[in-house]
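To start, the structure under review is shown below, and the notes come after it.
These numbers come from the heavy atoms of this one structure, side chains and all, not from hydrogens, waters or symmetry mates. Labels below follow one simple rule: chain letters A, B, ... track the order of the sequence lines, proteins then strands, and each chain is numbered from 1. The shown structure was predicted, so the numbers you read here are calculated from the model rather than taken from an experiment.
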Amino acid sequence: MSTPEDQFKNVISHAKEYGFIFQSSEIYDGLSAVYDYGQNGAELKKNIRDYWWRSMVQMNENIVGIDASIFMHPTTWKASGHVDAFNDPLIDNKDSKKRYRADVLIEDHMAKIEDKIKKEVEKAAKRFEGFDEAMFRSTNARVLEYQAKKDEIESRFKKALEDNDLGEVKKIIEDLEIVCPVSGSRNWTDVRQFNLMFSTSMGAVTDDSNIIYLRPETAQGIFVNYLNVQKTGRMKIPFGIAQTGKAFRNEIVARQFIFRMREFEQMEMQFFVRPGTESEWYEKWKTTRIAWHKALGLGEKKYRFHDHIKLAHYAKAAADIEFEFPFGFKELEGIHSRGDFDLKQHEQFSGKKLQYFDPELNQSYVPYVVETSVGLDRLFLAILSTSFKEETIENGETRTVLSLPPQLAPIKVAIFPLMGKDGMPEKAMEIFNTLRFDHNVTYEEKDNIGKRYRRQDAIGTPYCITVDQQSLVDNTVTIRDRDTMLQERVAISAIPAMIDEKVNMKHLLKMLAEVPSKETV
RNA sequence: GCAGAAGUAGCUCAAUUGGUAGAGCUCCAGCCUUCCAAGCUGGAGGUUGCGGGUUCGAGACCCGUCUUCUGCUCCA
């Protein structure tokens, strides 16, 4: 019996062996946590992206797509909070080997002092009748002492952060005698800064003033363009802007194959709504998105929601759609109710109004935003690892098959002549040349037929068509199903419709589509 | 970044105490066969991740380094 870890290793080697994913720059020993998509991987990835794009943009009258640049004005990242929040000062305890955020350690320490004050207040409240808390806090000697200590730490810490003085941050931790919660020791490394954004410089001359960042998320490209799109597209609230594209994060530890990469692709949609309706839309998008995932048929039980209790600074409500990867349930997509945080920030930093005039209310406001954001590479990994199967077939041999959703398969149909003679190749090529206009198809005549079937199984081709002697007589062929391995003899003329039924993405989209009415469009 | 494990042909793995780098599968050419990885003949494929060191001699031992996996940590 193979463990999930073994299974995952097999997925990784399969991905390489069959041209789905290669390590980047492999001949130079590779680059950590950067991967390339090979000939089959690129097709699969493109199909997943198409499924997303079409379900968002094509199937929703009020959602449009854009393609913003990776480079953005540096102030964008000040407004978004990334410049501050993506710079974590970290410190390691040498005994427990645990890593902490230095600021969190100090804040926890301050919280402990605050707890002590609270206890004093509670004690006093029990003792005295008509207790005046404000009075007590401003006069009690012990409370004042605690408060002064806390204020001192706070101002010292604030200054250290402002001066970017990491030595001082470490000294604060030492002076406060903060111990590691695990080892209980005070044996700390130096505090180090990790900037999670990649930077480069724009223009031929390098100096600090023209440093720009590679975007750490695609969302800001939508926010800064929201008014352009709204005006030129004459969009009425509620409406959405969709985008797929690369984002970059200098992760401290990036691992688990393509699950956490330094360069990755997001597919996200920001939905702009009237303030007060955001909860409704948040719930609606949660429902819509989970249905979209489940339509792929990987298994209902593979998905679950994880509602965030601790929210990021911008969020009013947040939930993840988690998927059961071989290494456990992990985040696949995030759905966030972002309020007007982003647009308000951009208003403030740019000095430009980002308001929408609502004709129904006859007033202007900054819309609220509900975001859906999927990791394309993660979805790719979810689909690949779930589809990968090593099954034992009737004759006792094992068969490796990728039971990909047929609409997403890199190659839809493989066409084989049973033998490379007697006019069979010519007949097969005829079919090949008909189908290639509609689908990604392949032709092969090398090796025996069984071997050719297995090769297609390994890359997830849903259909194999074989031209045999009988085909030359009555224009019928056998068509073999990847999952059941069963063959059916059909007329050549019936093939296009048959294939279309299974591989055309529109059937997937139809499953999801509500019939549009005047109200919903 | 810390700790553990690993890295030999495209893939999976051998190689006794430090003594000629090998097998199966794959791949290529041809033959034969013809519906689920069949067979035969021939061929290609390697600076053993990389760089140093020890040694008469290193795939193996030592040091460094890169990459991957697992745990910790981090994760908008």
- So what does A:K330 touch, heavy atoms closer than 4.0 Å: a base, only the sugar-phosphate, or nothing? nothing

For residues 239-247 of chain A, run the donor-acceptor check on the side chains, cut-off 3.5 Å, and write out each pair with its distance to 0.1 Å, sequence neighbours left out.
{"from": "A:Q243", "atom 1": "OE1", "to": "A:A68", "atom 2": "N", "distance (Å)": "2.6"}
{"from": "A:Q243", "atom 1": "NE2", "to": "A:T218", "atom 2": "O", "distance (Å)": "3.1"}
{"from": "A:K246", "atom 1": "NZ", "to": "A:E263", "atom 2": "OE2", "distance (Å)": "2.7"}

- How would nucleotides 35-40 of chain B be written as a contact map, 5' to 3', with B for base contact, S for sugar-phosphate-only contact and - for no contact, using protein heavy atoms under 4.0 Å? BBBB--

- Message: For a quick check of understanding: with a heavy-atom distance under 4.0 Å over all strands, which category does A:F257 fall into, base, sugar-phosphate or nothing?
- Response: sugar-phosphate

- Query: Could you give the CD1-to-P distance, from A:I12 to B:A6, as a whole number of Å?
  - Reply: 18 Å

- Message: Enumerate the ring-ring contact (aromatic ring centres under 6.0 Å, His included) contacts for residues 456-480 of chain A, please, sequence neighbours excluded, ordered by first and then second residue.
- Response: none

- Message: By nearest atom, which of the nucleotides B:C28, B:U68, B:U70 is closest to the A:Y35 side chain?
- Response: B:U68

- Pick the P atom in B:C74 and in B:U55, then give their distance to the nearest Å. 48 Å

- Task: Examine distances only and state if a side-chain atom of A:R262 and a backbone atom of A:F198 form a donor-acceptor pair shorter than 3.5 Å.
- Result: no

- P-based separation of B:G22 from B:G59 [nearest Å]: 13 Å

- Message: Strictly by Watson-Crick or wobble contacts shorter than 3.5 Å, is anything paired with B:C2, and which nucleotide is it?
- Response: B:G71

- Query: Expressed as a whole number of Å, how far does the P atom of B:G49 sit from that of B:A44?
  - Reply: 24 Å

Please list each protein N or O that sits under 3.5 Å from an N or O in nucleotides 48-50 of chain B, with the distance.
{"from": "B:G49", "atom 1": "O2'", "to": "A:D29", "atom 2": "OD1", "distance (Å)": "3.4"}
{"from": "B:G49", "atom 1": "N2", "to": "A:D29", "atom 2": "OD2", "distance (Å)": "3.3"}

- Message: Taking B:G18 as the reference, what is the distance to B:A58 when you measure between their P atoms (whole Å, please)?
- Response: 14 Å

- Is there side-chain contact between A:I492 and A:K427, with heavy atoms separated by less than 4.5 Å? yes

- Message: Which label fits A:F416 and A:Y453: parallel for a plane angle under 30°, tilted from 30 to 60°, or perpendicular past 60°?
- Response: tilted

- Using a heavy-atom cut-off of under 4.0 Å over every strand shown, decide if A:A247 touches base, sugar-phosphate, or nothing. nothing

Sub-3.5 Å pairs of nitrogen or oxygen atoms, protein against nucleotides 10-14 of chain B:
{"from": "B:C11", "atom 1": "OP1", "to": "A:K16", "atom 2": "NZ", "distance (Å)": "2.8"}

- Roughly how many Å is it from CZ in A:R260 to C1' in B:C74, rounded to a whole number? 7 Å

- Does any pair with a residue in residues 441-451 of chain A pass salt bridge (Lys or Arg N to Asp or Glu O under 4.0 Å), and if so which ones, sequence neighbours excluded? A:E444-A:R455, A:D447-A:R455

- For nucleotides B:C66 and B:G51, find the distance between their C1' atoms and express it as a whole number of Å. 10 Å

